[in-house]
2 protein chains.
Amino acid sequence: MGDKRLTNNLIQELKRGTLTLSVLLMSGQPTYGYSLVTELQDAGIDVEQNTLYPLLRRLESQGLLQSSWDMGDSRPRKYYSVTDIGRKTAVLLGEEWRRINKVMSELMSGLMNGEERK
Amino acid sequence: MGDKRLTNNLIQELKRGTLTLSVLLMSGQPTYGYSLVTELQDAGIDVEQNTLYPLLRRLESQGLLQSSWDMGDSRPRKYYSVTDIGRKTAVLLGEEWRRINKVMSELMSGLMNGEERK
DNA sequence: CACAATACTGTATAACATACAGTATTGTCA
DNA sequence: TGACAATACTGTATGTTATACAGTATTGTG
């Protein structure tokens with residue numbers, strides 16, 4: 001595996017669950033896929049349609065999101081919004097993220113500063 | 001899929017790459033698998049042998065770790081230590097982690113406080 | 001001596017990101 | 001008006017990786 005490919009895979013693994021959490025958080029208000037790509041981009045999260053749409057569908061099948069077609073504007077859009085379970089899950093994931101972040105920060109500041117191993 | 005199972009999967013995805021980074025950081029000094037399980041546990045990262053050993057082997061096959069058998073003590077141990085590439089990769093992953101964390105923190109503080117959508 | 005602790009190997013499975021390949025319709029501009 | 005871009009979505013296949021499962025062997029302890 002080439003270096004760049006390996007590095008990309010490792011980075012992807014590092015941020016793997018953050019997209020799910022981001023989407024759940026952003027779906028607190030109804031939103032549609034194409035718009036979500038833009039908002040995520042604005043937030044610093046690069047995601048492509050071919051990743052986002054299967055994710056939306058998966059989260060819906062898992063009961064965390066619900067969808068409805070809106071035919072109002074010039075073109076139809078499928079709006080997604082978070083379910084109660086999805087909202088609760090987002091809160092829980094947020095707490096878990098903070099916990100992980102705390103652990104990693106301590107680990108990184110301890111070891112990258114050359115701290116002694118016990 | 002049961003709720004608990006789904007939640008566990010989501011959490012696991014959230015922390016998926018952090019184990020790799022943790023192991024790379026802790027392998028700055030030679031360490032063996034069984035001891036690593038303990039140290040990770042102490043650091044707040046629960047991992048089982050059946051997860052860690054395949055990870056160590058994979059990282060070695062990818063050139064990020066190297067290993068050597070030590071027959072010195074009462075029982076043989078396979079020590080792993082980070083390669084140059086592995087060290088560089090850990091630095092890079094650490095920076096990426098900080099970037100991801102920044103993005104997620106802003107996103108979470110913005111949205112979980114009920115901030116308006118643009 | 002039986003069992004726990006120490007230390008590791010190997011294979012299969014589940015889950016998910018994303019690559020790939022589309023589809024359809026509206027909007028823009030020459 | 002027609003070609004192309006933008007908008008918006010569906011569907012399938014592939015690659016990667018955590019971890020479940022099932023061991024193995026040896027030392028240490030009561």
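Order of the sequence lines fixes the chain letters, A, B, ..., with proteins taken first and strands second; residue numbering starts at 1 for each chain. The shown structure was predicted, so the numbers you read here are calculated from the model rather than taken from an experiment.
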What donor-acceptor contacts under 3.5 angstrom involve side-chain atoms of residues 87-95 of chain A, with partners at least two apart or in another chain?
residue	atom	partner	partner atom	Å
A:Thr89	OG1	A:Ile85	O	2.7

Under-3.5 Å donor-acceptor pair between B:Arg16 side chain and D:dT17 base: yes
Indicate whether OP1 or OP2 belonging to C:dC8 is found under 4.0 Å from a side-chain N or O atom of B:Tyr53. yes
Provide the full list of side chain to side chain donor-acceptor pair (under 3.5 Å) pairs with a residue in residues 63-72 of chain B, sequence neighbours left out, each pair given once. B:Glu60-B:Ser67
Could you list by number each residue of residues 70-79 of chain A showing a heavy-atom separation from DNA chain C of less than 4.0 Å, or answer none if no residue does? A:Ser74, A:Arg75
Any side-chain N or O of B:Gln12 below 4.0 angstrom from OP1/OP2 of C:dA15? no
Phosphate contact (D:dC9 OP1 or OP2) by A:Ser67 side-chain N/O below 4.0 Å: no
Quick one: which residue pairs count as a salt bridge (Lys or Arg N to Asp or Glu O under 4.0 Å) with a foot in residues 16-25 of chain B, not counting sequence neighbours? A:Glu13-B:Arg16, B:Glu13-B:Arg16
side-chain N/O A:Arg58 vs C:dC16 OP1/OP2, d < 4.0 Å: yes
side-chain hydrogen bond (donor to acceptor under 3.5 Å, both in side chains) against A:Arg99, all qualifying residues, sequence neighbours excluded: A:Glu96
Between D:dA18 atom P and B:Leu21 atom CG, what is the distance in whole Å? 12 Å
Does the side chain of B:Gln62 get closer than 4.0 angstrom to OP1 or OP2 of D:dT17 through an N or O atom? yes
Give, for atom CG of B:Leu21 and atom NZ of B:Lys15, the distance between the pair rounded to the nearest 0.5 Å. 14.5 Å
Can you name the side-chain contact (heavy atoms from CB on, under 4.5 Å) partners of B:Tyr34, sequence neighbours left out? B:Tyr32, B:Gln49, B:Tyr53
Could you tell me how far apart B:Gln49 (CD) and D:dC21 (P) are, to the nearest whole angstrom? 16 Å
Tell me whether the side-chain N/O atoms of A:Thr51 come closer than 4.0 Å to OP1 or OP2 in C:dT18. yes
Considering only D:dT7, C:dT18, C:dA14, which nucleotide approaches the side chain of A:Pro54 most closely? C:dT18
Could you tell me which non-hydrogen atom of B:Ala43 sits nearest to which non-hydrogen atom of A:Leu107, and how far apart they are? CB-CD1, 4.4 Å
What integer distance in Å separates B:Glu48:CD from C:dT9:P? 17 Å
Listed nucleotide nearest any side-chain atom of B:Glu13, set D:dT16, C:dC16, C:dT18: C:dC16
B:Glu60 CD to C:dC8 C1': how many Å, rounded? 13 Å
Rounded to the Å, how far apart are A:Trp69 CH2 and D:dT7 C1'? 12 Å
Protein-nucleotide distance (B:Leu56, atom CG; D:dT19, atom P), rounded to Å: 13 Å
For B:Pro30 and B:Ser81, work out which heavy atoms get closest and say how close. CA-CB, 4.1 Å
Which part of the nucleic acid, if any, lies within contact of A:Thr20, taking any heavy atom under 4.0 Å across all strands shown: a base, the sugar-phosphate backbone alone, or nothing? sugar-phosphate
To the nearest Å, give me how far apart CG (A:Asn50) and C1' (C:dA21) are. 10 Å
To the nearest Å, give me how far apart CG (A:Leu19) and C1' (C:dT18) are. 11 Å
